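Order of appearance sets the numbers: ligands from 1, and atoms from 1 within every ligand. Nothing here was measured: the structure is a model prediction, and the numbers come from that model.
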Amino acid sequence: MSETTIEGIDYGPLACLVGIWKGDSGMDVAPEPDADEHNPYYETITFEAAGDVTNAEEQTLSVVRYHQVVSRKSNDKVFHDQIGYWLWDPATDTVVQTLTIPRAVTLLAGGSASRDGDERVLEVAASAGDSDWTIAQAPFLQSKASTTGYKHRMSVAGDSLRYSQTTVLEIYGKHAYQHTDENSLSRQ
Ligand code: HEM
């Protein structure tokens, strides 16, 4: 049994995520018609070890399920809610994030895990139109607020987690608008 094994399943680079994390130094940069919106935020992300699955009797993926709830500091209202999975394929050492948000957009991002000193780093990306790691969204978004790219980097060292992500949007006539989010969290 390695230190990444939980109840008999090896979660590899995802094992370090399991737990309830809170952070209150988040910063969101989001689009407005005339300018950027800067939103300081706090959040809770819950990651749960969710077992493994086998695809076509040959690929086994370990599964970490998560729920992210983000609140605006200015009014304590939840303004972003995201659910998804992190998956690890030990055969290819591929890391996958699947996520959905309640704007009628969902995405499948792929990448890898690495180490940077004491940190475990997970990096994934997706882009609309890519044949492997891609983005799906409802017709209104396609025409008015299309998500064309996504990059996410998360690093964990002990009970500290940091992430930064860029979601690329076509909105309000802006091309490749960089909608960014970053935060540092502690395991509770
Ligand atoms: C911590 C993560 C995130 C936060 C806090 C956040 C927050 C926001 C905010 C404040 C806006 C401006 C519109 C509004 O006030 O509702 C916005 C717009 C948008 N976000 Fe995010 N977002 C996050 C992640 C994402 C992700 C991962 C995606 C896509 C996969 C996404 C897709 C969009 C889209 C398509 C819009 C344009 C809709 C509009 O502005 O009317 N966001 N987001």
Side-chain angles (χ1 to χ4, degrees), residues 14 17 19-48 63-87 95-112 121-156 160-188:
L14 308 183
L17 297 176
I20 298 172
W21 300 80
K22 289 183 187 288
D24 65 1
S25 55
M27 179 54 76
D28 167 71
V29 180
E32 285 275 276
D34 300 326
D36 291 338
E37 193 180 296
H38 289 77
N39 302 298
Y41 66 81
Y42 59 91
E43 68 181 316
T44 301
I45 311 180
T46 305
F47 293 96
E48 297 172 295
V63 183
V64 168
R65 179 175 53 226
Y66 74 93
H67 185 196
Q68 177 181 22
V69 181
V70 186
S71 300
R72 219 187 277 263
K73 280 190 177 175
S74 62
N75 61 8
D76 289 326
K77 294 237 166 74
V78 173
F79 74 133
H80 182 80
D81 187 291
Q82 182 175 314
I83 58 172
Y85 298 97
W86 284 87
L87 309 165
V95 171
V96 175
Q97 182 188 20
T98 68
L99 71 84
T100 189
I101 62 169
R103 292 185 187 273
V105 52
T106 185
L107 67 80
L108 173 67
S112 58
V121 181
L122 306 176
E123 286 176 287
V124 292
S127 43
D130 189 87
S131 55
D132 293 326
W133 310 117
T134 193
I135 300 165
Q137 53 209 311
F140 180 87
L141 287 180
Q142 290 279 12
S143 63
K144 295 281 190 172
S146 168
T147 301
T148 56
Y150 172 81
K151 270 194 307 192
H152 183 97
R153 182 185 196 276
M154 181 159 58
S155 59
V156 179
S160 299
L161 180 157
R162 289 184 297 139
Y163 73 82
S164 61
Q165 67 184 34
T166 301
T167 307
V168 183
L169 303 176
E170 301 290 315
I171 185 168
Y172 306 135
K174 301 173 209 255
H175 173 59
Y177 178 86
Q178 310 271 300
H179 171 24
T180 60
D181 294 281
E182 57 186 19
N183 202 1
S184 299
L185 299 92
S186 304
R187 200 184 329 246
Q188 303 302 290

Practice problem: Give the residue and atom name of whichever protein heavy atom lies nearest to atom 37 (C) of ligand 1, and the separation in Å to one decimal. | Solution: I171 CD1, 3.7 Å

Quiz item: Any side-chain donor paired with an acceptor under 3.5 Å for Y172 and D34?
Solution: no

Quiz item: So does I83 have more than 12 non-hydrogen atoms from other groups sitting under 6.0 Å from CD1?
Solution: no

Self-check item: Worked check of side-chain hydrogen bond (donor to acceptor under 3.5 Å, both in side chains) between H152 and E123
Solution: CA-CA 6 Å; H152 183 97; E123 286 176 287; over 6 Å; no

Quiz item: From H179, does some N, O or S atom reach closer than 2.8 Å to atom 21 (Fe) of ligand 1?
Solution: yes

Quiz item: Can you tell me the protein heavy atom closest to atom 41 (O) of ligand 1 and the distance?
Solution: Y172 OH, 4.0 Å

Quiz item: Of the protein's non-hydrogen atoms, which lies at the shortest distance from atom 11 (C) of ligand 1, and what is that distance?
Solution: A30 CB, 3.3 Å

Practice problem: Could you list which atoms of ligand 1 come closer than 4.0 Å to a heavy atom of A145? | Solution: 35 (C)

Quiz item: Nearest non-hydrogen atom to atom 34 (C) of ligand 1 belongs to which of Q82, R72, R103?
Solution: R103

Practice problem: Report the nearest protein non-hydrogen atom to atom 5 (C) of ligand 1: residue, atom name, distance rounded to 0.1 Å. | Solution: D181 OD1, 3.4 Å

Exercise. Would you mind running through ligand 1 and noting each atom that sits below 4.0 Å from a heavy atom of T147?
Key: 35 (C)

Exercise. May I ask you to check whether Y163 and D181 show a side-chain donor-acceptor distance below 3.5 Å?
Key: no

Practice problem: May I ask you to list the atoms of ligand 1 that are less than 4.0 angstrom from any heavy atom of E37? | Solution: 10 (C), 15 (O)

Quiz item: atom 7 (C) of ligand 1: which protein heavy atom is closest, and how many Å away?
Solution: D28 OD1, 3.4 Å

Practice problem: Go through ligand 1 atom by atom and flag the ones less than 4.0 Å from a non-hydrogen atom of N39. | Solution: 10 (C)

Quiz item: Is the backbone of F79 close enough, under 3.5 Å, to the side chain of Y41 for a donor and an acceptor to pair up by distance?
Solution: no

Quiz item: Between OG1 of T180 and NE2 of H38, what distance do you get to the nearest 0.5 Å?
Solution: 7.0 Å

Practice problem: For atom 24 (C) of ligand 1, grab the closest protein heavy atom and report residue, atom and distance to one decimal in Å. | Solution: H80 CE1, 3.1 Å

Practice problem: Do me a favour and list the nearest non-hydrogen protein atom to atom 28 (C) of ligand 1 with residue, atom name and distance? | Solution: I101 CD1, 3.5 Å

Quiz item: Quick one: do the E43 and Q68 side chains pair a donor with an acceptor below 3.5 Å?
Solution: yes

Quiz prompt | Whether E32 lies under 4.0 Å from ligand 1, heavy atom | solution = no

Quiz prompt | Shortest non-hydrogen separation from T106 to L99 and the atoms involved | solution = OG1-O, 2.9 Å

Quiz prompt | Donor-acceptor side-chain pairing of S74 and N39 below 3.5 angstrom | solution = no

Practice problem: Kindly check if the number of other-residue, nucleotide or ligand heavy atoms within 6.0 Å of OH (Y85) is above 12? | Solution: no

Exercise. May I ask you to decide whether E32 forms a salt bridge with K174, counting only side-chain N to carboxylate O separations under 4.0 Å?
Key: no

Practice problem: Among all protein heavy atoms, pick the one closest to atom 26 (C) of ligand 1 and tell me residue, atom and distance. | Solution: T167 OG1, 3.7 Å

Quiz item: Considering N183, T100, T180, L107, which one's heavy-atom position lies nearest to atom 30 (C) of ligand 1?
Solution: L107

Quiz prompt | ligand 1 atoms in contact with Q165 (distance to a heavy atom under 4.0 Å) | solution = 2 (C), 24 (C), 27 (C)

